[in-house]
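What follows is one structure encoded as structure tokens, with my remarks underneath.
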Amino acid sequence: MDLPKVYNPKDNEAKIYDLWELSGCFKPSGKGKTFSMVLPPNNANGNPHMGHAYTLAIHDIAMRYHRMKGEKVLFIPGTDHAGFETQVVFERQLEKEGKSRFDFNREELYSLIYDFVQMNKINTENNLKKFGGSFDWSTNIFSLDKKVVDSAYSRFKKMWDQGLIYRGERLVNYCTFHGTGFADYEVEFKEEQGHLWYINYPVTNSKEFIKIATTRPETLLGDTAVAVNPKDKRFEGLIGKTVKLPITGREVPIIADEFVDPKFGTGAVKITPAHDPNDYEAAQRHSLPFITVIDLTGKITHEMPEDFRGLDVVHARKKVVEAIDSLGLLSKTEDYRHSVGHCYKCKTIIQPLLKEQWFIDMKPLAKEAIKVLEDKKIKFYPDSKRNQLIGYLNQLRDWNISRQISWGIPIPAFQNEENPDDWIFSDRVGQELIEVDNKTFRRDPDVFDTWFSSSSWPYVALDFPNGQNFNDFYPLSLMDTGGEILFPWVSRMIMLSLYETGQIPFKEVYIHGYVLAEDGAKMSKSLGNVINPMEVLDKYGSDALRMGMIAGRVAGVNRGYDTRKVEDARNFCNKIWNIARFCQDKAITIDIDTPEPESIADNWILNRLESVQNSIDNDLGNYLFGEAYEKLYHFIWDDFADWYIEASKVHQNDSVLGYTLKKCLQMLHPYAPFLTEAIWQSFMANTKQSILAITILKKGIKADASKSKEFDTLINQVIEIRNISNNLKLKMKTLNIASSSQDEMHNKLLIKLARINKITNNKIYEGIKLTTFEEPALIVVDQKTKLDYSNNLDAKIKERETSLHNLEQRISNSSYLEKAPKQLVQDTKNNIDSIKQELTSLKQDLNQINN
RNA sequence: GGACCCUUAGCUCAGUUGGCUAGAGCGCUUCCUUGACGUGGAAGAGGUCAGAGGUUCAAGUCCUCUAGGGUCCACCA
């Protein structure tokens, strides 16, 4: 025998991947329908996690399934430079070496990170191969590839020319630790225990005060107004007057604005336009000045009163409160829980700061995206994500695409040294200074938000506008991502693809849930519950990892990682391996398209195969990966191995056995590509050269229904006999059947499968009567054993009687007869009849025993 | 303040458009060294489908409410 007793993935996986890669079998071929996917680019900055393994499994199952349907399939791998994310990872590494980003200039840092990313990129690509990804590697794409950068630049220019991109001083989410601005989706809001301070602002030339409530007293240094609701009677006389700000004594107006909620706090709000988004907008409506209190390092600026200059926010807050208190203007302090924005990486509190940045006006883009989503031009699994996305797009604000970091695609814009408002586009980003029309322009030091470039992934990966792949495969068939990037990525791919190509980027979106840790918590390094997929792969094999991830998972739902599922999948691999060993031992060939069924078992397994294949086909068409897996699992293990192969030991049919194994390998291939290919190769070694991955899975064959039904009957008979003999601990079994008319093969199968010693045809009626035989049949036992069995019989009769009662109640309901489908009513009637028959027989049997 | 998801066997979870006796894996009990496989084979035990109400001939499945767990969104000072 060629195959070792236990399947060892390590013997095969690398070899098999090489075979695929060298043969070029994952290049698109064929002329039929197309199916295409682009892998969400893995961040080339670290080790893979379970989410990568899971995402890849989903992708690759879909790809291999469609490829084996004979479709023309394109599967594009890729990696992302992951700008800010990578810089953070790299800085942590620097920190371990006792260095920081400030030890290097921009170019040095870029080049260091570049090397770091190249190393990780190669590592990532190797892992994608280990996971079995059936990629066309000639299409591999990296987010700093020329085509990606060019596309970002041309899009930037087009949008700029059309007024969709503008540069302006806006309130930006700023992380003072990382020294960069963020988009809204990079801010993490968390509930925090803080205080609400009530402060009396003295009204100018009056003994009156207007009391405001604030969570950020330090910003009062930059207040430029106090606002109240115009309908709020309490402040009627005050609107239009001014107050003298505590500490600074600056005079600012009391204004009326609808945005103020009279029920909150005191009904009067201090307005700090430079540090609060609401206030910023109010200030614009009322043409108020902007005064910056906090600088980019998170400290109080030097324009502020001397006592506070250079203090960080926490200390400044304390000192301001003290100062106000000593002025007698602090009315009261309350504990207060509110939500505060944090940097999603370092958890530093995000400061809303005024800063010049590049923004994209999202309204027109979002509008188009909402339209295609509302028209259901893109199908979502699960559908609820579509509505979530619409909700997100509806409230989307302008997108800050500037990042003040060195790792990323430089923004191709230059500023006139003489005139700060004069900006021009140029892709000469390699130079810091350029000359245009005798004027010197300086390059914007910022880089793009990573999502600005990766949003073009679907069409750039396909070489828009003129590439063959773009012609053949756009829009992509399916996009699968985790829920966490639905907003930053999926939404932007839709918007930017619509903008650039005028078409949707993909027809369907599958959102998978997170792979949580085994305890149900999020996997995170700080919790120490991270499971490395490469270690799992090493221990159980790539196929087991894939199947273990897929088993029991459903679109959009988070689920803990479960070692037991991977173990179970590993066992399953071994099962198939041994089925193959059995077949090889029997000198079976599998290159068979037209099996020749003879026995009832042959016909049965072919019919089962046909029906399971259809069912799986239907599931995979609807991306029910877990369901299809389970069906395949049970077909192969229960039907094929436990019934058909066992029956084969009685009578072997080479063509049906070989055909069934072939179909199993093909159907299972998307789930367990390495194992099935290894088996395939071992069978094909002596015949013709072929690769399982690119074979076409043909439709199943329908066999003789009545023969296959007879095997179903046989199965029931075997189960009944096994049940009785297990119950009574029978070692030796004689089956007595009244007539000898039963087919000889049927008897042989009964003997083998039910482990009967012999079958007799005596007229003497003695023993335990069987209910699954048409003619009288019984297991021969002595009187004592029979008495032992009467209790079981009693229980069985009771259970049947309950069923009968339930069914009879249903049938006696006239509404049921009227309204339920006729077939269902008929089935119920048939069921009642058969239960009645069974009961009669059971009762007879019981009588016999008791007499 | 919105939106969504989850609650089914000891554990982890399936259950598509309502349909007859609610499934799987693992675990558990009993048995089997049968010539592909002990990462195996056979037979079992185990569930008032979170609770309440409603729609229906029929509800785990649809609707409403309640309780518990989770996620996301939102500029309430």
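All values reported here derive from a predicted model rather than from experimental measurement. Naming: A, B, ... by sequence-line order, numbering from 1 per chain.
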Checking side-chain contact (heavy atoms from CB on, under 4.5 Å) for the pair A/Asn400/A/Arg170: CA distance, chi angles, key distance, verdict? CA-CA 9 Å; A/Asn400 171 18; A/Arg170 296 283 183 284; over 6 Å; no
Over how many whole Å does the gap from A/Met549 atom CE to B/U12 atom P extend? 17 Å
Side chain of A/Asp642 only, please: which of B/C26, B/A42, B/G38 is the nearest? B/A42
Once the angle between the rings of A/Tyr392 and A/Phe487 is folded into 0 to 90°, is it parallel (under 30°), tilted (30 to 60°) or perpendicular (over 60°)? parallel
Gap in Å between the two C1' atoms, one belonging to B/C5 and one to B/G10, rounded: 25 Å
If the test is side-chain hydrogen bond (donor to acceptor under 3.5 Å, both in side chains), which one of A/Glu508, A/Arg386, A/His512 qualifies with A/Tyr381? A/Glu508
Side chain A/Lys631 and base B/A24 donor-acceptor under 3.5 Å: no
Which parts of residues 721-731 of chain A get close to RNA chain B, meaning a heavy atom less than 4.0 angstrom away? A/Arg722, A/Asn723, A/Asn726, A/Lys729, A/Lys731
Given the structure, check if the side chain of A/Asn574 and the base of B/C37 hold any donor-acceptor pair shorter than 3.5 Å. no
Whole Å only: how far is the NE2 atom of A/His195 from the P atom of B/A77? 14 Å
Of the listed B/G19, B/G40, B/A36, the closest approach to the A/Asn571 side chain comes from B/G40
Under 3.5 Å, is there any donor-acceptor pair linking the side chain of A/Arg564 to the base of B/C11? yes
Looking at every strand, decide which applies to A/Phe487 at a 4.0 Å heavy-atom threshold: base, sugar-phosphate, or nothing. sugar-phosphate
Are any of A/Tyr540's side-chain N or O atoms less than 4.0 Å away from OP1 or OP2 of B/U39? no
Quick one: is A/Lys649 getting a side-chain N or O under 4.0 Å of the B/A36 phosphate, OP1 or OP2? yes
Say you pick atom C1' in B/A58 and the same atom in B/G18; how far apart are they, in whole Å? 8 Å
Ranking B/C76, B/A36, B/G19 by distance to the side chain of A/Ala641, first place goes to B/A36
Flag side-chain contact, heavy atom, 4.5 Å: A/Leu661 against A/Ile588: no
The residue, A/Asp562 or A/Gln395, whose nearest nucleotide of RNA chain B is more 5′ is A/Asp562
Quick one, A/Ser331 with A/Lys211, criterion side-chain hydrogen bond (donor to acceptor under 3.5 Å, both in side chains). Give me CA distance, side-chain angles, the key distance, then yes/no. CA-CA 8 Å; A/Ser331 162; A/Lys211 190 190 287 178; 3.3 Å; yes
A/Glu646 has a side chain; which of B/A36, B/A43, B/U39 sits nearest to it? B/A36
Counting any heavy atom closer than 4.0 Å, what does A/Arg216 reach on the DNA or RNA strands: base, sugar-phosphate only, or nothing? nothing
Any side-chain heavy-atom pair of A/Arg492 and A/Leu396 under 4.5 Å: yes
Let me see the working for A/Tyr510 and A/Phe625 under ring-ring contact (aromatic ring centres under 6.0 Å, His included), right down to the final yes or no. CA-CA 11 Å; A/Tyr510 183 95; A/Phe625 301 104; 5.5 Å; yes
Does A/Ala213 or A/Lys586 map to a spot on RNA chain B nearer the 5' end, using the closest nucleotide for each? A/Lys586
Secondary-structure stems for RNA chain B, with pairs counted as Watson-Crick or G-U when both distances are under 3.5 Å and runs at least 3 long: B:1-7 with B:67-73, B:10-13 with B:23-26, B:28-32 with B:40-44, B:50-54 with B:62-66
Can you tell me which nucleotide in B/A77, B/C20, B/A74 comes closest to the side chain of A/Ser339? B/A74
What integer number of Å spans the P atoms of B/U16 and B/C62? 8 Å
Output the single nucleotide from B/A77, B/A36, B/C32 whose closest atom is nearest the side chain of A/Ile579. B/A36
A/Ile485 CD1 to B/C73 P: how many Å, rounded? 14 Å
Report yes if at least one side-chain N or O of A/Lys829 is closer than 4.0 Å to OP1 or OP2 of B/C20; otherwise report no. no
If only atom types and distance count, is the side chain of A/Asp585 paired as donor or acceptor with the main-chain N or O of A/Arg581 below 3.5 Å? no
Counting side-chain heavy atoms from C-beta on, which of B/A77, B/U12, B/A36 comes nearest to A/Arg581? B/A36
Spacing of the P atoms in B/C13 and B/U8 (rounded, Å): 9 Å
Pairing of A/Arg564 and A/Glu567 as salt bridge, 4.0 angstrom limit: no
To the nearest Å, how far apart are A/Glu630 CD and B/U16 P? 13 Å
Look at all strands and tell whether A/Gly552 reaches a base, only sugar-phosphate, or nothing, counting heavy atoms closer than 4.0 Å. sugar-phosphate
A/Trp197 six-ring centre to A/Arg317 NZ/CZ under 6.0 Å and within 45° of normal: no
Using atom OH of A/Tyr381 as one end and atom C1' of B/U16 as the other, report the distance to the nearest whole Å. 12 Å
Less than 4.5 Å apart, any side-chain heavy atom of A/Asp543 and any of A/Tyr7? yes
Is the base of B/A43 touched by the side chain of A/Glu720 through a donor-acceptor pair closer than 3.5 angstrom? no
If you check the A/Asn578 side chain, which of B/A36, B/A24, B/C20 turns out closest? B/A36
Proximal nucleotide (of B/C72, B/A43, B/C20) relative to the A/Lys522 side chain: B/C72
Whole angstrom is fine here: how far is it from CD in A/Gln388 over to C1' in B/C72? 6 Å
Short side-chain to backbone donor-acceptor contact, A/Asp232 and A/Arg234, under 3.5 Å: yes
What's A/Pro821 touching, base or sugar-phosphate or nothing? Going by heavy atoms closer than 4.0 Å. base
Quick test of your reading of the model: are A/Asp619 and A/Lys631 salt-bridged, counting only N-O distances below 4.0 Å? yes
Return the value, rounded to whole Å, for the distance between atom CZ of A/Arg337 and atom P of B/C76. 15 Å
For the side chain of A/Arg755, starting at C-beta, report the closest nucleotide among B/U34, B/C72, B/A36. B/U34
Heavy atoms only, 4.0 Å cut-off, all strands: where does A/Glu627 land among base, sugar-phosphate and nothing? sugar-phosphate
What does A/Thr215 touch in the nucleic acid at a heavy-atom separation under 4.0 angstrom: a base, only the sugar-phosphate, or nothing? sugar-phosphate
A/Tyr344 OH - B/C72 P separation (whole Å): 15 Å
